[in-house]
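Keep in mind that what you see is a predicted model, and the values were worked out from it rather than measured.
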Protein chains: 2
Amino acid sequence: MPYEHSLYGCPVDATLNVISGKWKPQILRLLFQGTRRFGVLQRSIPGISRHVLTTQLRELEQDGIIQRTVFAEVPPKVEYSLTEFGKTLEPVLTGLLTWGEHYIQQQDKQKSAT
Amino acid sequence: MPYEHSLYGCPVDATLNVISGKWKPQILRLLFQGTRRFGVLQRSIPGISRHVLTTQLRELEQDGIIQRTVFAEVPPKVEYSLTEFGKTLEPVLTGLLTWGEHYIQQQDKQKSAT
DNA sequence: CTGCATCCTCGGGGATACTG
DNA sequence: CAGTATCCCCGAGGATGCAG
C-alpha cells in the first residue's frame with residue numbers, strides 16, 4: 001500500500017520527469033498515432049536535432065514508455081513504438097492538453113480585459 | 001476554435017510550464033488543502049529556501065493559479081490561496097499522481113525481474 | 001539512415017547576506 | 001515575518017563533426 005498519506009509530491013514528480021523533456025510531448029503524440037522511424041520523427045518535429053532526438057528517445061526507452069526496434073539492413077532502419085505501458089500515458093497527456101487549452105483561453109481574457 | 005487539429009504540443013507544454021517548477025506540486029498540494037501563510041509553506045516543505053519559495057509563488061501568481069493577500073500588520077503577514085481557476089488544476093495533478101504510482105510499481109517490477 | 005563525441009550556452013535553482 | 005539582491009553551480013538542450 002504505497003503512498004498511503006497521499007503525499008503526492010513524489011509520484012507526481014516521477015510522472016513529470018518522464019514527460020517533461022522539451023520535445024517529449026510531441027514525440028509521444030506522434031507515437032500514439034503509430035510506429036515511426038527515426039527520420040520520420042525528426043522531419044515531423046521541426047527544429048529538433050538528431051542528437052537531441054536520440055537523447056529524448058533513449059530516456060523514454062529507459063523509462064519503459066517506448067520500444068526501439070533495429071532492422072539489420074543497409075541502410076539502417078530503426079522503428080520506435082509505444083510499449084503497452086507507454087500507451088497508458090495517453091489519457092494523462094490528454095488531461096494536460098485540455099487544461100492547457102483552458103489556461104490559454106484564460107490568459108487571453110486577462111489581456112483583453114486591460 | 002483553437003487547436004482544431006489537436007496538435008497538442010502547445011497546450012500540453014503550457015500546462016507543463018505552469019506546474020513543473022521543482023517545488024510547485026508540493027506547494028499546490030498544500031494549497032489544495034486551504035489557505036497558507038508564507039512561513040507555514042516554508043516549514044511544510046523541508047529543503048526549500050525563502051528565495052526559491054518566493055520565486056515559485058510569484059510564478060504561480062503570475063499564471064493566475066494562486067492569490068497573494070498582504071495584511072498591513074506588524075509583523076507582516078501574507079497569505080496564499082488558490083484562485084478559482086487554480087482549483088481546476090487539482091484533477092490534473094491527481095492524474096499525474098495516479099500514473100506516477102503505476103510507473104513506480106512498474107519500475108520496481110523491472111528491478112526484481114533481474 | 002541512424003547515432004555517438006565534443007563543446008558550448010543558458011536559465012532554474014541553491015547559498016548567503018541585507019531590509020521594511 | 002516575508003521578502004529582495006547577489007553570486008554561483010549544474011545539467012538540459014543546441015551546434016557541429018565523425019562513424020557504422
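Nucleic acid contact for Phe71(A): none, since no nucleic acid atom lies under 4.0 Å from a heavy atom of the residue. If you check every strand for non-hydrogen atoms under 4.0 Å, Arg43(A) touches nothing. Within the 4.0 angstrom heavy-atom criterion, only backbone atoms of the sugar-phosphate kind lie near Thr54(A); the bases stay farther away. Within 4.0 Å (heavy atoms only), Gln56(B) reaches sugar-phosphate atoms of the nucleic acid but no base atom. Counting any heavy atom pair closer than 4.0 Å across all strands shown, Glu73(B) reaches no nucleic acid atom.
With respect to Tyr103(A), the side chain to side chain contact (heavy atoms under 4.5 Å, CB included) criterion is satisfied by exactly one of Thr15(B), Leu89(B), Asp63(B): Asp63(B).
Listed nucleotides: dG13(D), dC4(C), dG14(C). Nearest to the side chain of Arg58(A): dC4(C). Counting only heavy atoms from C-beta on, Phe38(A) has its side chain closest to dG3(C) among dG13(C), dC1(D), dG3(C).
Comparing Arg50(A) and Val52(B) along DNA chain C, the residue whose closest nucleotide (by nearest heavy atom) sits nearer the 5' end is Arg50(A). Along DNA chain D, the nucleotide closest to Pro76(B) and the one closest to Lys24(A) are compared, and the more 5′ of them pairs with Pro76(B).
One interatomic measurement links the two molecules: NE2 of His51(B) to P of dG12(C), which rounds to 11 Å at whole-angstrom precision.
Look at Arg68(A) and you won't find any side-chain N or O under 4.0 angstrom from OP1 or OP2 of dT2(C). Between dT2(C) and Arg37(A), a contact under 4.0 Å exists linking OP1 or OP2 to a side-chain N or O.
Of the inter-residue distances, the one linking Ile48(B) atom CD1 with Lys22(B) atom NZ reads 9.0 Å to the nearest 0.5 angstrom.
Under 4.0 Å is where a charged nitrogen must lie from a carboxylate oxygen, and between Glu90(A) and Lys87(A) no such pair does.
Under the 4.5 Å side-chain heavy-atom criterion for ILVMFWY residues, a single connected hydrophobic cluster contains both Phe85(A) and Leu28(A).
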